[in-house]
Amino acid sequence: MRILCPGGCSARPQPVSLGSASAGSLTTVLNNGPKVKGMTTDPLGSMKSALADEVNKALSEMGVEESFSPLQVARSPKDVDVYGLPVGFKIARHLRRKPDEAALLVAERIDASSIPYAEEVRVEAGYLNVRVSRETLFKDVLSLASREELGRGESKGEKLMVEHTSVNPVHPLHVGSGRNAIIGDSFARILDFLGWDVRRHYLVNDCNLQVAILAAGRSKIRHLKPKGKPDHWFGLIYAMANAILEIGRIKRGESEEGDLKEWEETIERVRAQDPEIAEGLTELDDRYVMDLLKRYQSGDPDAREVFREVAESVLKGFLQTLGRMGITYDQFDWESELIWESWVRKSLEKLESSGYLGRDGEAIYVDLGRAIREREDVRRIFGLTEDEVRRLEEEGRLEEVVPPRFYLTRSDGTWLYTGTDVAYSLFKVEATDVRRCYNVIATEQTLEQKEVRASLALMGYDPDFLIHFAYEMVNLVGVRMSGRRALYITLDDLLDEAKAKVMKILEERGMGRDPEIEEIAERVAVGALKYALINVSPTKVVQFRWERVLDFETNSGPFVQYSYTRAHNILKKAGEIPESFDPSKLSSDLEVSLVYMLAEFPEKVRSAYQLLRPDLISQYANELASTFNKFYETHPVINAPEGTREARMWLVMGVRGVLGKALDLIGVPRLERM
RNA sequence: GGGCCCGUAGCUCAGCAAGGAUAGAGCGGCGGCCUUCUAAGCCGCAGGUCGGGGGUUCAAGUCCCCCCGGGCCCGCCA
């Protein structure tokens with residue numbers, strides 16, 4: 001497989017034995033943070049773990065069959081320094097006691113000295129609570145936070161792959177593809193921070209019908225020189241080619257008559273943007289397109305030249321935009337090379353020997369219907385038990401729930417994306433040394449991802465090697481988007497618009513137009529867009545509005561960036577950092593809240609990883625920024641009395657460190673001036 | 001028809017993984033605060049039958065069942 005790096009480097013991945021490809025289940029990989037005392041990067045987490053351990057130990061000594069997770073340890077709403085578990089309620093019945101009495105029996109067995117940072121253990125309202133010692137906790141938290149070590153995972157010595165973006169190279173990136181890239185990139189950053197060696201891969205889908213349409217269009221106007229940003233220019237050819245093909249189908253009566261007008265409008269849209277393309281590209285037919293695709297897949301040099309020109313040009317345009325947003329990749333895998341370098345053949349051989357490969361004329365498919373009846377591993381992927389499958393079969397409904405055939409090729413022998421996707425999975429397992437691969441792919445592909453995982457299982461691999469990181473689409477409120485109709489709002493448009501607004505704000509503040517100001521505007525714009533697309537739970541549809549991206553107030557990228565800047569500037573002006581500080585000087589509600597909020601950061605990062613929720617980091621960053629701004633309004637640092645000043649400087653260092661790290665993890669640029 | 005996802009304030013969303021101690025933010029609306037570390041900020045007011053109904057539980061926004069509403073998928077498209 002050819003490797004293409006932005007820097008022009010080239011390398012070939014080392015094949016690896018199959019044994020190393022097995023993945024542990026998601027849940028066993030997780031624990032509640034580093035356990036080694038004194039070396040932890042999660043002080044509060046170590047307290048929670050120890051508390052849960054102690055309680056569980058006591059319960060098991062008492063013969064009570066209940067247990068608690070460290071994650072259940074929650075802060076008391078009445079007292080900031082108190083964390084606890086609702087032990088009493090859980091075990092009251094087992095012991096035939098009132099909740100408080102029951103909790104007391106547990107409390108008596110607990111050795112507070114074995115719980116880090118615990119000052120005392122007590123029972124309140126059915127809860128078993130520990131009071132935390134600020135003296136030690138605050139020092140550890142702020143020391144770690146200011147060095148940006150809080151929550152960092154030890155090196156795992158293992159590689160994980162994140163495959164993301166992987167957009168068809170046929171038209172410019174729009175907000176939907178942007179969400180994929182932004183979520184995938186953020187998740188990769190989170191994995192990296194937690195100690196994995198992350199490999200970011202982009203699958204270049206250059207072998208499908210869409211690219212063939214573009215390539216066919218391009219082949220008719222090869223004399224034209226690309227103008228402007230390549231993805232935009234080729235995007236017009238793609239829309240033009242689609243319109244011609246659709247109009248042809250309508251005229252032959254193969255498509256709905258009513259669509260004719262909108263395709264004619266598409267042509268006019270292209271003409272308005274680039275008359276050369278509209279005048280040069282006038283005819284195209286489906287057979288020509290299919291033939292070109294077939295030739296490309298079989299390695300024909302002429303076809304290869306035009307396919308590669310369009311795919312590489314559009315990809316180059318993508319990388320400009322993605323680079324602008326700070327999103328980069330370690331490796332680009334070309335779909336065509338999965339075919340040429342026999343990964344498709346190898347996957348077919350493995351499926352053939354599994355006995356689940358079927359043929360329908362010349363078309364090849366995986367016999368999922370039989371696999372689901374016969375294979376437990378395949379049933380598990382579809383969330384079905386043996387009994388359920390049997391019952392569905394008796395009712396004749398099995399095929400409604402699981403499609404019986406998973407087609408890999410067309411009957412003309414060309415590969416479908418499903419076929420190359422199976423081959424790609426085989427490639428990931430065999431040709432890389434990653435332990436797991438996260439596929440950042442839209443939720444609409446959930447079924448296909450299950451089918452691919454089932455195929456992996458049938459080829460003899462652990463299907464849990466592949467994890468579908470599903471995210472929902474972006475709904476541009478009030479805007480109709482269609483790449484095939486040259487109807488889209490591109491990421492470039494959004495970034496430019498946001499940047500223009502930032503420039504205007506900066507000018508209103510009397511900042512001139514110089515390169516530094518431009519750079520600030522660019523970074524604020526990137527922050528605003530990325531934050532808007534990441535700050536929603538991935539499985540929810542994003543309701544995208546211009547106003548939302550251009551709103552730089554609370555709960556926006558710029559808001560968090562601004563808060564970071566404030567923290568940074570306090571420290572810059574305050575001068576030398578004191579060696580130490582007195583934690584008891586941090587005593588106001590806001591100061592104490594801030595430290596505890598920082599202490600929760602490691603848990604947030606682990607949750608983001610475990611639940612596939614980068615938005616948890618952006619939510620957290622917003623809350624931290626908001627609390628910090630309240631502190632900022634009411635707590636002078638530089639002019640504070642001696643003692644208080646040093647303690648607040650440490651607090652601000654901690655906030656800056658965590659806020660900065662949180663911004664890094666969601667890929668929003670840090671700014672020192674704005 | 002079947003499968004998956006979503007439904008919390010006028011709008012956009014957290015909270016559901018791990019059921020607990022008074023349902024949270026932001027935007028929008030109304031009213032305040034710039035001789036003090038950047039007002040992209042802060043303070044206050046108004047706004048909720050957590051889609052509906054059952055169930056489990058000492059305890060349900062959170063778990064289970066049914067229903068209603070919305071989205072996506074069920075292609076030899078990707």
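Within every chain, numbering begins at 1; the chains are lettered A, B, ... in the order of the sequence lines, protein sequences first and strands thereafter. Basis for what follows: all heavy atoms, side chains included, without hydrogens, waters or symmetry-related copies. Keep in mind that what you see is a predicted model, and the values were worked out from it rather than measured.
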Next item on the list: Find the distance Leu203(A):CG to A78(B):P and express it as a whole number of Å.
Entry: 12 Å
Notebook entry, point to check: What pairs with Glu508(A) under side-chain hydrogen bond (donor to acceptor under 3.5 Å, both in side chains), at least two apart in sequence or on another chain?
Noted result: none
Margin query: If you assign each of Ala625(A) and Ile638(A) to its closest nucleotide in RNA chain B, which residue comes earlier from the 5' end?
Written below: Ile638(A)
Next item on the list: Kindly write out the residues that satisfy salt bridge (Lys or Arg N to Asp or Glu O under 4.0 Å) with Glu388(A), not counting sequence neighbours, or none if the list is empty.
Entry: none
Notebook entry, point to check: Counting only distance, no hydrogens or angles, is the base of A40(B) paired donor-acceptor with the side chain of Tyr562(A) under 3.5 Å?
Noted result: no
Item checked: Contacts of Tyr296(A) that satisfy ring pair (Phe, Tyr, Trp, His ring centres under 6.0 Å) - sequence neighbours left out -> Phe307(A), Trp340(A)
When you compare the protein's N or O atoms with those of nucleotides 63-70 of chain B, which come within less than 3.5 Å of each other, and at what distance?
none

Next item on the list: Any chance you could list the contact pattern along nucleotides 28-36 of chain B? Use B for base contacts, S for sugar-phosphate-only contacts and - for none, protein heavy atoms under 4.0 Å, 5' to 3'.
Entry: --------S
Would you mind writing out the side-chain donor-acceptor pairs for residues 76-91 of chain A within the sub-3.5 Å range, not counting sequence neighbours?
from: Ser76(A); atom 1: OG; to: Lys78(A); atom 2: N; distance (Å): 3.0
from: Ser76(A); atom 1: OG; to: Asp79(A); atom 2: N; distance (Å): 3.3
from: Asp79(A); atom 1: OD1; to: Asp81(A); atom 2: N; distance (Å): 3.0
from: Asp79(A); atom 1: OD2; to: Arg131(A); atom 2: NH2; distance (Å): 2.4
from: Asp81(A); atom 1: OD1; to: Arg134(A); atom 2: NE; distance (Å): 2.9
from: Asp81(A); atom 1: OD1; to: Tyr596(A); atom 2: OH; distance (Å): 2.6
from: Asp81(A); atom 1: OD2; to: Arg134(A); atom 2: NE; distance (Å): 3.2
from: Asp81(A); atom 1: OD2; to: Arg134(A); atom 2: NH2; distance (Å): 2.9
from: Tyr83(A); atom 1: OH; to: Arg75(A); atom 2: NE; distance (Å): 3.1
from: Tyr83(A); atom 1: OH; to: Glu600(A); atom 2: OE2; distance (Å): 3.4

Next item on the list: Could you pull out all residues at least two apart from Glu399(A) that satisfy salt bridge (Lys or Arg N to Asp or Glu O under 4.0 Å)?
Entry: none
Next item on the list: Could you state the atom-to-atom distance from OH of Tyr632(A) to C1' of A39(B) in whole Å?
Entry: 10 Å
Next item on the list: With pairs defined as Watson-Crick or G-U wobble and both distances under 3.5 angstrom, please note down RNA chain B as a dot-bracket string, | for pairing with another strand.
Entry: (((((((..((((......[...)))).(((((.......))))).....(((((..]....))))))))))))....
Check: Got a sec, which residues hit salt bridge (Lys or Arg N to Asp or Glu O under 4.0 Å) with Glu633(A), two or more places apart in sequence or on another chain?
Finding: Arg566(A)
Notebook entry, point to check: Donor-acceptor pair under 3.5 Å: do we get one between Asp360(A)'s side chain and the base of C76(B)?
Noted result: yes
Quick test: give all pairs of protein nitrogen or oxygen and nucleotides 2-4 of chain B nitrogen or oxygen below 3.5 Å, distance rounded to 0.1 Å.
from: G2(B); atom 1: O4'; to: Glu400(A); atom 2: OE1; distance (Å): 3.2
from: G2(B); atom 1: O3'; to: Arg397(A); atom 2: NH2; distance (Å): 3.2

Next item on the list: List in chain and number order the residues that pass salt bridge (Lys or Arg N to Asp or Glu O under 4.0 Å) with Glu623(A), two or more places apart in sequence or in another chain; answer none if no residue qualifies.
Entry: none
Notebook entry, point to check: When you check every protein heavy atom under 4.0 Å of nucleotides 5-21 of chain B, what one-letter string (B, S, -) results, 5' to 3'?
Noted result: SSS----SSSS-BB-BB
